[in-house]
Each structure stands twice: as C-alpha cells, then as structure tokens.
Amino acid sequence: MNVIECRQLSKVYVRKQALSDLSFSIREHTITGLIGRNGAGKTTLLKLIAGFYRPTSGEVSVFSERPFNSLKVSQNMIYVDDQMALPTTMNLQEILTMTGRFYPFFDRGLADRLLDYFSIHVRAHHQDLSKGLRSTFNMILGLAARCPLTILDEPTTGMDVAVRKDFYRALLKEYLAHPRTIIISSHLLQELDHMLEDVVLIDQGKLRLHLPIDELKQYAVGIVGHPEQLEPLLAGREVFHQDLVSTSRSLVIVRNDGYIHEAAVRHGLEIVPISAEDICVYMTKQTKGRIDDVFIRSE
Amino acid sequence: MSQTDLGGAAVLLDSDATRPIYVQIAQWLENEILAGNIQPHERIYSQYQLADMFNINPATAAKGLNLLSDEELVYKKRGLGMFVAAHAKEHILSKRKNQTLQQLIRDLVREASNLDVDESELMQMVSQAIQERKDGAV
C-alpha cells in the first residue's frame, strides 16, 4: 500500500520554480531518505506532503487524501524540523501533555525516558534550549508521537556526533517495535544510509532517482586510469564525473551497467568503490569547475 | 540458538566496502552456521533481530536472509520463521572451497606473476605460511 503518492507535482514561489513535475510514491512502513543539495527543494516537497503548502499544479495524496487542510492527515502525521513553532508560554512538560492530547498513539513514557537519558529538564522552556538540545527535544516529540507518517526534515541540525548516533539508534529501535512510514531528509547520506530502505534524490526541483539504498550503492563505480586508456571504455556509457587525480591519471564516475567491472579489468584499469553519498554528490553537481579553480590566481 | 547480545554494536559491517551490507549479513550467518553456533533445523535469526543487532534496516537484513534461502541453506516454516537446512554446513564448505578459495588462489597467482615470483618460489612461500600456521605463529 502506498502512503504517499505524488503526480506531476509542482510548486512555484513568486520568482522561483521550487519543484517541477515530481511523480513518485512511498510504500507503507518504509524508511526513505530524501537527499538533495541545498535549495534542491527538499523542504518544499516535505511541506507539500505534510499539507502545510498547497501545490501549484499536480497532485499529492497522503493516506488517499489531499493533505492540505486535512484533519486525517494532520492527526496521523508529524513534521519535525529545527524551526518548530512551539508555544513559548509552556514548559516542555506541558508541551508533551498537549502533544499527547492531539496524537492518539503518543507514548508519554518513552518521551520521559528519552528526556531523562539526554538530561533535558522538563521544566525548561523550548526557546531557552541550545540549538542541539532543541533539535533533540523535537526529535523526542517526533518519535514519541508514533505517527503512521513521520516526517523528519534535517532532524540532526546542531546535534553533536554522539547524540546523532543515539538518535539514529532510537529511530531504528522505535521503527522495529512500532513500524511506521518515515521520511528523513538530510544532505549527509553517509551517517544514515544504514537505516534506510529507499532513497529519493532530488536535484533543482526535479526527481533524479528513487531506488533501494543497495541499488543506489551499485548505481555507479569509479575507475582510475590513463585518459587514453579510459576512452574506449567510456564510449556509449553514462559518465557522471571526470577528474584528473594526477598528471597522467583520471578518475571517472560512470554508470554501472553490470558489465563495467569485467570491462575495466580487461582494460587493466583500477576500480574504486564510490559511497552512496558521493554518487549523490556527483549526480547533482551544479558548481562551475572545481573548488580548486577558484584559488588559481589569474596571471 | 545461541543469542549473542551485540547491543546494536555493528561489529562486522564495513559500510565502505564494495560488498553490499546484505551480502555481509549473509556471510556472517554462513560463518555462524560453519562455526556450529546455529545447528541444523535450529531457527535462524529473524530480519528484525538482525536489524537490531547490526543497526540496519530490516529490509536489508531480509535481503541477506533471502540469499541463504535462494541457496537452500535455510528453509521456511510458515508462521515460524527460517530454519537451517540439514546439509547447510556441507554446502557452505564446498561453495567456499570451489568459489572463494579458487578465486583467492587465482588472485595470488596473478599477483605472484606481476611480481616475477616463479612457481617454485610461490609454492615455497605457501608451504612456509602453512608451517607458520601449524606452529601458531600467525
């Protein structure tokens, strides 16, 4: 069963096309990573799914309903980011009580245990917490709400490495015990790729890939060799990136068609593994030249 | 089944390796069977146990289990889970001998030829390594 379906979904702000013609669906009880560069449209997409924004054209459906102004969607969905507008007059304890009234599956015991573990005082006020602790509290709300659809938009902003690790572990534990549909956006794929089932990669408002994570890792390979040696191998293949690594050797990132390993070995070329994160980076490259070029002084 | 509590500490997984995680899971399970930690007709770890132990998505763990099931090293009992097949250990041993070990030997021979190590010298190095292992030096 699909929890989310997008058909030719587009969103235009006053001067900017944020999303164009996105079509994909997300199955129930999967953890999907939404990956993209800064400004790719991740937050816009998530807010359309959450029903915070209305699409300019196309359609989004969540639990078979249009999420905008849908009580069913708001009750079964929680959206967590680092800008959650929580009441400033309430302390954290009161916020938890209020959240529990709204979300039918909210687990107060879990929220209290997590707050205790992270040493967050229940009488503190949300706006007084440090950036990292605020994100941690938001994450606790997101986990304890046990919503059938849990949307986490850059949830680890400001958290230190130890807290991030704990957070991903807690998320996986919760998911195993109480399966739900989770979308988590990040530009750091490396730190969460072990948890994911699928990855959605968007680039400049367009859907680039939607694949199981294992297939994404096999999607491209890196090959190192002399440019002249590489040339016959690259003919007819999709090349995502090419770069000189030394004066006589080039690195190319090329689409893995299943035969590329054998072909490279036959040509006596070296194959280097490329992480899923790097594949995403190479596939969504939009800078001009390389960063090093900026530092070449013009004569 | 011996329940080793790894507490989610991903002890084996090498996320940068070229081998996909689910292949590593399958190999870990094969090692458990080879070592006799899971006996024939004993229930093997579920996808959820593996997900918890190795801190991975349960769908990835399921793919690892499916590799074993495709090779008939485990069998399914409806509603009860997966169990180790009677001949699993022998199958894994012969598979590793015929595939993994053969490949390692081909790699060894190729590297020796790259380094101009001739046959007698290579054989001598192999015998020496065997002797060292017997003596407990390695």
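Hydrogens, waters and symmetry mates are skipped; everything else that's a heavy atom, side chains included, is used. The sequence lines fix the lettering, A, B, ..., with proteins before strands; numbering per chain opens at 1.
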Q: Should we count CD of E228(A) as having more than 12 external heavy atoms under 6.0 Å?
A: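 Result for CD/E228(A): open.
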
Q: Do you know the tightest heavy-atom contact between K63(B) and P212(A)?
A: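 Answer, listing the atom of K63(B) first, then P212(A): NZ-CB, 4.0 Å.
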
Q: For a 4.5 angstrom cut-off between non-hydrogen side-chain atoms, does K217(A) reach I21(B)?
A: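 Of all side-chain heavy-atom pairs linking I21(B) with K217(A), at least one is under 4.5 Å.
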
Q: Flag the one option from I271(A), L196(A), V221(A) with the top tally of heavy-atom pairs under 4.5 Å to chain B.
A: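 Of I271(A), L196(A), V221(A), L196(A) has the most heavy-atom pairs under 4.5 Å with chain B.
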
Q: Tell me if the CD atom of E72(B) is crowded by more than 12 foreign heavy atoms within 6.0 Å.
A: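 No, CD of E72(B) has 12 or fewer neighbouring heavy atoms, counting only those of other groups under 6.0 Å.
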
Q: Using a 6.0 Å cut-off, check whether atom CD of Q103(B) has over 12 heavy atoms from anything other than its own residue.
A: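 Counting neighbours around CD of Q103(B), more than 12 heavy atoms of other residues, nucleotides or ligands fall under 6.0 Å, so yes.
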
Q: Can you name the closest pair of heavy atoms from P20(B) and Q218(A) and give their distance?
A: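 In terms of heavy atoms, the two residues are closest at CG-NE2, 3.4 Å.
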
Q: Which pair of non-hydrogen atoms, one from A51(B) and one from L172(A), has the smallest distance, and what is that distance?
A: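 Looks like O-CD2, 3.6 Å.
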
Q: For side-chain contact (heavy atoms from CB on, under 4.5 Å), just list the numbers for E197(A) and T60(B), CA-CA rounded to whole Å, side-chain angles, deciding distance to a tenth of an Å, and then say yes or no.
A: CA-CA 7 Å; E197(A) 181 164 347; T60(B) 308; over 6 Å; no

Q: Does CZ in F240(A) sit with more than 12 non-hydrogen atoms of other residues, nucleotides or ligands closer than 6.0 Å?
A: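 Yes, the 6.0 Å shell around CZ holds more than 12 heavy atoms from other groups.
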
Q: If you count every heavy atom of other residues, nucleotides or ligands that lies below 6.0 Å from K165(A) atom NZ, does the total exceed 12?
A: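 For K165(A), atom NZ is not crowded (no more than 12 foreign heavy atoms under 6.0 Å).
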
Q: For the residue pair M195(A) and N57(B), what are the closest heavy atoms and their distance?
A: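 Result for this residue pair: O-ND2, 2.7 Å.
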
Q: Do other residues, nucleotides or ligands put more than 12 heavy atoms under 6.0 Å from the CD atom of E215(A)?
A: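 Yes - once you tally the heavy atoms of other residues, nucleotides and ligands closer than 6.0 Å, there are more than 12.
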
